[in-house]
J.: 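Here it is: the structure, laid out below.
Residue numbers begin at 1 in each chain, while the letters A, B, ... track the order of the sequences.
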Amino acid sequence: MRIYNTLTGKKEPFEPLEPGKVGMYVCGVTVYDHCHIGHARSAIVFDVIRKYFRYCGYDVTYVRNFTDIDDKIINRAKQEGIPWNEVARKYTDEFRKDMGLLGVEPADVEPLATEHMQEIIDMIKVLEEKGYAYAVNGDVYFLTRKFDGYGKLSKRDLDDLMAGARVEVNEAKRDPLDFALWKASKEGEPAWESPWGPGRPGWHIECSAMSSKHLGQSFDIHGGGADLTFPHHENEIAQSEATHGKRFVRYWVHNGFITVDKEKMSKSLGNFFTIKEILERFDPEVVRFFLLSTHYRSPIEFSDEQLKEAEVSLDRYYTTSWRLSGILATASKKERSTPEEKVFDGMCSGFDDRFRAAMDDDFNTAQAIGVIFEFIREVNRYLDSKPSGESLLERVRRAKDILEGVGRVLGLFARTPEDWYRVLLNSRKVPMDEAGILSAIDERKQARANKDWDRADRIRNELLDAGILLEDRPDRTDWKVKV
RNA sequence: GGCGACGUACCCAAGUGGUAAGGGAGAGGUCUGCAAAACCUUUAUUCAGCGGUUCGAAUCCGCUCGUCGCCUCCA
């Protein structure tokens with residue numbers, strides 16, 4: 001397995017710190033607002049990475065934090081007129097709900113900053129003792145220039161940063177590059193007791209404190225959105241390595257952005273869509289499929305057209321899946337082999353290797369999906385050759401196992417085709433229910449029996465106008481939602 | 001200004017040294033009462049442009065053009 005490491009800028013062979021085990025920490029969200037699709041991308045990407053490690057037999061410990069105390073939360077509380085911890089709880093719940101719908105499993109550990117004050121304070125104390133931190137009027141700052149290697153993750157030179165001159169001006173700092181480890185709280189703001197007076201942690205320190213508590217001072221994978229590379233992750237490295245005197249993280253993994261009209265989706269530009277808004281129009285599995293159909297480090301252009309394409313692709317999967325379950329329900333006993341089964345068997349045997357080859361190459365889900373669709377074509381080709389009997393049933397079961405197995409890694413394909421079409425009935429706002437469709441099909445069946453093709457076609461067209469597509473089979477007529 | 005990405009068919013998108021995956025759309029065909037679905041054939045001698053390295057480059061190097069990101073909270 002090879003993973004692209006932001007630290008080295010290269011794909012590197014993955015070698016865990018401890019054989020058979022993987023420790024991964026991913027920066028979660030600051031819970032002060034609804035999540036948008038960009039948050040979903042990060043969550044889904046790392047969910048798949050974690051599932052794939054597991055699929056490969058690793059014992060994974062996945063930690064993803066919630067930043068539940070921060071200036072943005074305090075501001076939001078003022079706006080909404082509710083206590084800050086109420087804001088944090090509300091949006092933490094929303095996050096969990098959104099992610100649950102998108103098929104993102106909870107992390108093994110989901111630490112909160114507010115529940116790790118002791119660890120945070122202890123860490124700052126060590127930094128102070130070692131001369132990496134200094135206190136000024138109740139604030140504590142990290143002495144950036146003292147840490148040798150600052151900038152190694154984001155490839156920045158300290159003097160270039162200075163030249164950028166966009167570093168905030170703060171008289172209390174000895175150096176503009178220094179960043180806050182601890183911030184004194186003003187009257188009325190949430191505060192925790194500390195050796196420097198009442199205050200709250202700076203943003204970066206919580207991740208350093210919580211990751212080392214739950215995964216150790218060194219661990220395998222640290223992830224997050226590409227925008228966290230600087231300064232957040234750079235600062236984490238400085239704090240953690242200064243504290244512990246050893247390498248913090250082995251592989252830094254960053255996901256790319258979602259763009260709208262080629263521009264990064266962001267709060268400040270106002271060009272973002274919340275997960276909730278999107279799920280009103282599209283099925284969560286469609287969203288998930290869409291996000292996994294591009295490599296995790298590339299930008300993804302977000303649009304309804306793109307989501308629709310993802311829906312069509314997923315429909316192709318479910319159409320085949322539907323065919324497979326139909327065969328299990330009706331196949332005849334009479335044994336009939338076909339020449340196509342040889343290619344089919346070869347495709348089945350080779351599938352796992354090809355899937356792994358894609359995923360082993362820096363979690364290339366886009367390529368993996370390509371492998372899945374090649375397999376689907378082969379399945380259909382085999383079925384088109386009209387085999388029957390027990391060997392057909394065995395092959396159908398094998399194909400289903402393969403597709404469902406790979407679906408579990410990607411967090412896709414978990415439903416029955418019937419459920420898929422029922423859900424589409426709603427999301428596509430089809431003005432008919434299942435009973436109405438079935439009675440129309442029945443009516444058409446009569447017309448067809450009488451060879452009244454005009455009437456049969458009229459009924460079919462009416463259904464099509466409503467968004468329902470009919471498929472005549474030798475023994476029955478099936479319906480599906482047109483995508 | 002500094003640093004870093006990216007530019008593959010009509011659209012989306014894999015491919016980081018060995019001769020262009022996959023999905024959609026288009027065209028033709030098989031099947032069908034007709035359709036739909038599925039399958040088959042077809043659609044990039046070519047990977048922004050120009051040079052260079054190499055037996056060989058979309059893949060490595062340089063330059064040019066274009067787009068974007070980070071440098072400030074950000075997934």
J.: Counting just side-chain N and O atoms, does A:R297 come under 4.0 Å of either OP1 or OP2 of B:C6?
T.: no
J.: What distance separates A:D362 CG from A:R2 CZ, expressed to the nearest 0.5 Å?
T.: 8.5 Å
J.: Please say whether the positively charged group of A:K11, taken as NZ for Lys or CZ for Arg, lies over the ring of A:Y4, i.e. under 6.0 angstrom from the six-membered ring centre and within 45 degrees of the axis.
T.: no
J.: In whole Å, I'd like the distance from the CD atom of A:E305 to the P atom of B:G23.
T.: 21 Å
J.: Taking atom C1' in both B:A58 and B:U72, what distance in whole Å separates the two?
T.: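 B:A58 and B:U72 have their C1' atoms separated by 37 Å.
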J.: Separation of A:L463 atom CG from B:A36 atom C1', in whole Å?
T.: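 Answer to the nearest Å: 13 Å.
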J.: Please determine whether any donor N or O and acceptor N or O are separated by less than 3.5 Å between the side chain of A:R444 and the base of B:G33.
T.: yes
J.: Among the candidates B:G2, B:A37, B:G23, find the nucleotide nearest to the side-chain atoms of A:E309.
T.: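 For the A:E309 side chain, the nearest candidate turns out to be B:G23.
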J.: Between B:G66 atom C1' and A:E263 atom CD, what is the distance in whole Å?
T.: 16 Å
J.: May I have the distance from A:H36 (atom NE2) to B:C74 (atom P), rounded to whole angstrom?
T.: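 Whole-Å distance recorded here is 11 Å.
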J.: Is any N or O donor-acceptor pair between the side chain of A:R460 and the base of B:C34 shorter than 3.5 Å?
T.: yes
J.: Specify the separation, in whole Å, of atom CG of A:D227 and atom P of B:G69.
T.: 12 Å
J.: Is it the case that the base of B:G33 and the side chain of A:R448 share a donor-acceptor contact (distance under 3.5 Å, atom types as modelled)?
T.: yes
J.: May I have the distance from A:F230 (atom CZ) to B:G2 (atom C1'), rounded to whole angstrom?
T.: 12 Å
J.: Tell me: CG of A:N255 to P of B:C70, nearest whole Å?
T.: 13 Å
J.: Return the value, rounded to whole Å, for the distance between atom NZ of A:K262 and atom C1' of B:C68.
T.: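 From A:K262 NZ to B:C68 C1': 9 Å.
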J.: Does A:R316 have a side-chain nitrogen or oxygen under 4.0 Å from the phosphate oxygens OP1 or OP2 of B:G23?
T.: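 A:R316 to B:G23 OP1/OP2: side-chain N or O found under 4.0 Å.
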J.: Classify the side chain of A:D472 and the base of B:C34 as holding, or not holding, a donor-acceptor pair under 3.5 Å.
T.: yes
J.: If each of A:W453 and A:Y4 is mapped to the nucleotide of RNA chain B with the nearest heavy atom, which maps nearer the 5' terminus, i.e. the 5' end?
T.: A:Y4
